[in-house]
Amino acid sequence: MARKEKVQKTNAMRELERAGVAFEAIAFEEPDPSGVRDLGVQIANMLGYDPGQGFKTLVCVAPHGGHVVCCVPSGAELDLKKAAAATGEKSLSLMHVRDLEPTTGYVRGGCSPVGMKKRFPTLIDETAQLFDDIYISGGRLGLTLKVNSEALVAFLGATLADICREDA
């Protein structure tokens, strides 16, 4: 259930505030992940928004060691070949979870495309255009941010592209 108490600010919230990008922070109790195939869809259903509006953040590594941030709907799977093509990379692989916090400052399940230690090229699946507002991680477990999709793309300098697997 969503909680209404004051939410402690995260780096993601601070950066959006500094840039004048409006958002709504929604704290919630993390559901039990055991036996759940797609936690993001469960969270969307729990908070009452379309699961297609909820975007998970995945960090990828290019062959030369560079990083690319990819945001895809929570019920979808990232197509690494499409993402590589969209960034002009030869290939991409998912970052190992042990490297996530040292690289981004965020933990698995609480990784936001906003407020990372360093700005990386960012891809957002083109389906974000279908919604005025989308939901992204707030930068910690149990926190989501509702933000205007166009404002988020502009703030991040993100590229909208078809980066989801067709068979997902």
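Index from 1, following the sequence.
Remark: side-chain polar atoms of Lys117 are paired, donor with acceptor, to backbone N or O of Pro102 under 3.5 angstrom. A donor-acceptor pair under 3.5 Å links the side-chain atoms of Thr122 to the main chain of Phe120, judged by distance alone. Counting only distance, with no hydrogens or angles, the side chain of Asn148 and the backbone of Asp132 share a donor-acceptor pair below 3.5 Å. For Thr103 (side chain) and Leu100 (main-chain N/O), no donor-acceptor pair under 3.5 Å exists by modelled atom type. Counting only distance, with no hydrogens or angles, the side chain of Lys82 and the backbone of Cys164 share a donor-acceptor pair below 3.5 Å. Between the side chain of Ser112 and the backbone N or O of Ser137 there is at least one donor-acceptor pair closer than 3.5 Å. Put simply, the side chain of Ser74 never gets that close to the backbone of Phe55: no donor and acceptor are under 3.5 Å apart. Formation of a donor-acceptor pair under 3.5 Å by the Ser149 side chain with backbone atoms of Ile134 is not found in this model. Under the 3.5 Å distance criterion, the side-chain polar atoms of Gln53 are matched with a main-chain donor or acceptor of Asp133.
At least one side-chain heavy atom of Leu94 sits less than 4.5 Å from a side-chain heavy atom of Cys60. A 4.5 Å side-chain heavy-atom check between Glu17 and Lys9 finds at least one atom pair inside the cut-off. Put simply, the side chain of Leu80 does not reach to within 4.5 Å of the side chain of Ser91, judged on heavy atoms. A heavy-atom distance below 4.5 Å is not found between the side chains of Phe155 and Val147. Put simply, the side chain of Cys111 reaches to within 4.5 Å of the side chain of Val59, judged on heavy atoms. Between Arg119 and Glu15, some side-chain heavy-atom pair lies under the 4.5 Å cut-off. The shortest side-chain heavy-atom distance between Leu78 and Ile163 falls under the 4.5 Å cut-off. Residues Leu152 and Val114 have side chains in contact (heavy-atom distance under 4.5 Å, counting atoms from C-beta outward).
The CG atom of Leu156 lies 7.0 Å from the CD1 atom of Ile136; values are rounded to the nearest 0.5 Å. Between the OG1 atom of Thr159 and the CG atom of Asp125 there is a distance of 12.5 Å, given to the nearest 0.5 Å. To the nearest 0.5 Å, atoms OG1 (Thr104) and NE2 (His67) are separated by 9.5 Å. Here Thr87 contributes atom OG1 and Leu92 contributes atom CG; the two are 4.5 Å apart, rounded to the nearest 0.5 Å. To the nearest 0.5 Å, the span separating NE2 on His64 from NZ on Lys90 amounts to 12.0 Å. In this structure, CD on Glu77 lies 12.0 Å from CD on Glu166, to the nearest 0.5 angstrom.
Hydrophobic clustering keeps Tyr49 apart from Val72 (ILVMFWY residues linked when any side-chain heavy atoms are closer than 4.5 Å, directly or through intermediates). Cluster membership for Val153 and Leu58, using ILVMFWY side-chain heavy atoms within less than 4.5 angstrom, is not shared. Linking ILVMFWY residues whenever their side-chain heavy atoms come closer than 4.5 Å, directly or via other members, leaves Leu123 and Met116 in distinct clusters. No single ILVMFWY cluster, assembled from side-chain heavy atoms under 4.5 Å apart, contains both Met46 and Leu141. No continuous path of hydrophobic side-chain contacts links Val41 to Ile26 [ILVMFWY only; heavy atoms under 4.5 Å].
Here the closest non-hydrogen pair linking Val69 and Pro113 is CG1-CB, 4.2 Å. Looking at every heavy atom in both residues, Ala12 comes nearest to Leu145 through CB-CD1, 4.1 Å. Here the closest heavy-atom approach between residue Cys71 and residue Thr57 is recorded as SG-OG1, 3.9 Å. Closest non-hydrogen pair, Thr10 versus Gly138, comes out as OG1-O, 2.5 Å.
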Could you walk me through whether Thr144 and Leu47 pass the side-chain contact (heavy atoms from CB on, under 4.5 Å) check?
CA-CA 10 Å; Thr144 191; Leu47 297 178; 3.8 Å; yes

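The environment of Glu150 atom CD is sparse: at most 12 non-hydrogen atoms of other residues, nucleotides or ligands sit within 6.0 angstrom.
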